[in-house]
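Report on the structure given below.
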Amino acid sequence: MTYITPLRSAVCIAALFVGGAAQADVTAAQVWEDWKSQMGLYGENGVTIGAEEQSGDTLTVRDLALEMDDGETSFAATMGDITLTELGDGTVSVTMAESYPLVITGDDGVVVTLQVSQSNLEMIVSGDPEAMNYAISADRYGIELVDVVDGDVTFTGDASLMANDMSGTYTTTGDELRNLTYDMDIASLDFLVDVQIPGADGEYITASGKYDNMSMQADMVMPMDVDYDNPDDMFAKGFSVEGGYSIDSTAAVFDINADGDQVAGSASTGPANLEGVFNSQTVGYDTTVSDLAVSLTTSDLPFPVDISMAEYGIGFQMPVGKSDEVADLGLSINLIDLAVNDMIWDMFDPGSVLPRDPATIQLDIAGKGKALFDMLDPEQAAAMNNADMPFELENMSLNTLRVALAGALMTGTGEFTFDNTDLETFDGMPRPEGDAIVEVSGLNKLMDNLVAMGLVPEDQIMGGRMMLGMFARTTGDDQLETKIEVNGEGHVLVNGQRMR
């Protein structure tokens, strides 16, 4: 059974009831007309309405049901009654049932039934047709597993994801291109899994956890005339999203017994955040997690495993749309103070030869460049693959390089510019000009330790030392430095000695 397709369907229905209500005018009838236009994405036969009843300032929609089938998975939601009430102050209140089922059926016959619940959900729409403001709040909003039926086997258990004390706002503008800005706060997000694996002898999966103080923000542009099964079509018609989330802390515990193996433990983090941008011109994201800690026991190892990290982060940015203007690009990796317990160290260093200080890997590369093709356009894919240079670099800087491991430390910086008119000097690559410096300390001691541990033969270490002598110069006690330069004539120099 394919699970990505049901997820996409769930996202579509969520967008309908958020984006649709947000487009409401000041009357209940106008709200509902806009909802019906949004529901066109489910196809001509995808929407069933029992009745529409207008009474004074209230419009009631009876027995609303939605259904979608993409050939692999069908998705059905029985929404029940929806009430739209004019509040007399230019706003409209939208009320839905406190719970309703979602049924997902795969082409293999597996049926998954979920239950959406929404306690004290309040929706208020204000503004005007050109700029609608939508406010939402709920004591509790979530989704729970009812059961999974596969032939004559019924799989049940507790599985849920619940948002507590949720509040936020949406602002929408536009028609064919709908601009949506949202800001949502959730006091806590709880998840729970407690299931017995059907057909297994006492095997189970249990897990629970909490995300505290979660905030989400985004600016989106959503084309209305788009094929949601074709992502390329979405970007060609103007789809874009820029936003992210932040979390104060997370904590989870788990215990899994499956396929003859068992693993149990806990995980936690401090503050975490993610920011991203995705459109036809730029793809980028930046995520950081602080105070990561994982502790577990497993039947595969006779001792517990403890892993901690002061900070984990990764970032990436790249222009993907054809343009005459250069744009920012870069890559960053931060693995700061990675530490494991002594029992893991003892597996390969029982004599404690190596220093057991926390390890750090940091890399920050930034520059400017431009795409010569629209990389998300499949019609340009063939031309891009046949091009000598589908991308044009202007400059690139090594802002940070820091690797600290087992008593050795390597750092580096550098900066290069690129001449895109010269693709001959470096065999099809634009000619660089600039320099980089790499410094290493404690490397000889590390090599001695590897020999003492028996991990590397001494003759191989001797070969490594000879190579270092060719490309690095000594600057102090067990300190080495290498400077690589590329001059305007395309000459490559290492520590002042021409190598090319």
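Note that the coordinates shown come from a computational prediction; the quantities given were computed from them, not determined experimentally.
Without hydrogens or angle criteria, R431 side chain to E424 main chain gives no donor-acceptor distance under 3.5 Å. For the pair N341 (side chain) and D306 (backbone), a donor-acceptor distance under 3.5 Å is present. Looking only at distances, no side-chain donor or acceptor of S249 sits under 3.5 Å from a matching main-chain atom of P271. D259 places no side-chain N or O within 3.5 Å of a backbone atom of D261 that could act as its donor or acceptor partner. In this structure, the side chain of D364 does not engage the main chain of N399 through any donor-acceptor pair within 3.5 Å. Between the side chain of D349 and the backbone N or O of L354, at least one donor-acceptor pair lies under 3.5 Å. Counting only distance, with no hydrogens or angles, the side chain of S332 and the backbone of G315 share a donor-acceptor pair below 3.5 Å.
In this structure, a donor-acceptor pair under 3.5 Å is absent between the side chains of E394 and N420. Side-chain N/O atoms of T169 and D183 include no donor and acceptor closer than 3.5 Å. A donor-acceptor contact closer than 3.5 angstrom links the side chains of S215 and D185. Side-chain contact check for D374 and Q380: at least one donor-acceptor pair (N or O, by modelled atom type) lies under 3.5 Å. Side-chain contact of Q362 with N334: a donor-acceptor pair under 3.5 Å is present, judged by distance alone. Checking S266 against S295 by side-chain atom types alone, no donor-acceptor pair falls below 3.5 Å.
Taking the side chain as every heavy atom from C-beta outward, D337 and D357 never approach each other to under 4.5 Å. Residues T73 and M68 fail the side-chain proximity criterion, which asks for heavy atoms closer than 4.5 Å. Contact annotation: the side chain of Q262 approaches that of D255 to within less than 4.5 Å [non-hydrogen atoms, C-beta and beyond]. Side-chain atoms of V340 and M347, non-hydrogen and from C-beta on, never get closer than 4.5 Å to each other. The side-chain heavy atoms of L329 and L393, taken from C-beta on, include a pair separated by under 4.5 Å. A heavy-atom distance below 4.5 Å is found between the side chains of L145 and F155. In this structure, the side chains of Y285 and I314 come closer than 4.5 Å at one or more pairs of heavy atoms. Contact annotation: the side chain of S208 approaches that of V253 to within less than 4.5 Å [non-hydrogen atoms, C-beta and beyond].
Annotation: F235 is in aromatic contact with F278 [ring centroid separation under 6.0 Å].
The number of heavy atoms from other shown groups lying within 6.0 Å of CD (Q317) is above 12. Residue-environment remark: CG (D459) exceeds the threshold of 12 foreign heavy atoms within 6.0 Å. Within a 6.0 Å radius of CG in D300, other residues, nucleotides and ligands contribute more than 12 heavy atoms. Around the NZ atom of K210, the shell of radius 6.0 Å holds no more than 12 heavy atoms that belong to other residues, nucleotides or ligands. Within 6.0 Å of the OH atom in Y211, the count of heavy atoms belonging to other residues, nucleotides or ligands does not exceed 12. Around CD of E458, the count of heavy atoms belonging to other residues, nucleotides or ligands within 6.0 Å does not exceed 12. Within 6.0 Å of atom CE in M499, more than 12 heavy atoms from other residues, nucleotides or ligands are found, so the atom counts as buried in its surroundings. Remark: M429 CE is loosely packed, at most 12 non-hydrogen atoms of other residues, nucleotides or ligands lying under 6.0 Å away.
Ion pair R465/D448 flagged as a salt bridge, since at least one NZ, NE, NH1 or NH2 atom sits closer than 4.0 Å to an Asp/Glu carboxylate oxygen. The pair R356-D346 counts as a salt bridge, with a side-chain nitrogen and a carboxylate oxygen less than 4.0 angstrom apart.
When every heavy atom of M375 is checked against every heavy atom of F391, the shortest pair comes out as CE-CD1, 3.6 Å. For P304 against T297, the heavy-atom pair with the smallest separation is CB-CG2, 4.0 Å. Minimum heavy-atom separation, D212 to S188: OD1-CB, 3.9 Å. Shortest non-hydrogen contact noted between G157 and V195 is CA-CG1, 3.7 Å.
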**Test log, rule side chain to side chain contact (heavy atoms under 4.5 Å, CB included), inputs E203 and I256** = CA-CA 8 Å; E203 296 184 347; I256 302 171; over 6 Å; no
**Message:** Pair Y312, L335 - check side chain to side chain contact (heavy atoms under 4.5 Å, CB included), show working.
**Reply:** CA-CA 5 Å; Y312 162 83; L335 306 176; 3.3 Å; yes
**Request:** Take M410 and L405 through the side chain to side chain contact (heavy atoms under 4.5 Å, CB included) test and state the conclusion after the steps.
**Result:** CA-CA 9 Å; M410 178 172 64; L405 179 65; over 6 Å; no
**Message:** As a quick check of understanding, evaluate side chain to side chain contact (heavy atoms under 4.5 Å, CB included) for Y204 and Q196, giving each step before the final call.
**Reply:** CA-CA 4 Å; Y204 56 84; Q196 298 288 325; 3.9 Å; yes
**Prompt:** Can T181 and T171 be said to form a side-chain hydrogen bond (donor to acceptor under 3.5 Å, both in side chains), step by step?
**Reply:** CA-CA 5 Å; T181 300; T171 301; over 6 Å; no
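Applying side-chain contact (heavy atoms from CB on, under 4.5 Å) to E242 and the options V277, T282, V221 leaves one that passes, V277.
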Could you list the donor-acceptor pairs under 3.5 angstrom formed by side chains in residues 491-498, with sequence neighbours left out?
from : atom 1 : to   : atom 2 : distance (Å)
H491 : ND1    : N487 : ND2    : 3.4
H491 : ND1    : E489 : OE1    : 3.2
H491 : NE2    : R498 : NH2    : 3.3
N495 : OD1    : K483 : N      : 2.8
N495 : ND2    : F471 : O      : 3.3
R498 : NE     : R500 : O      : 3.1

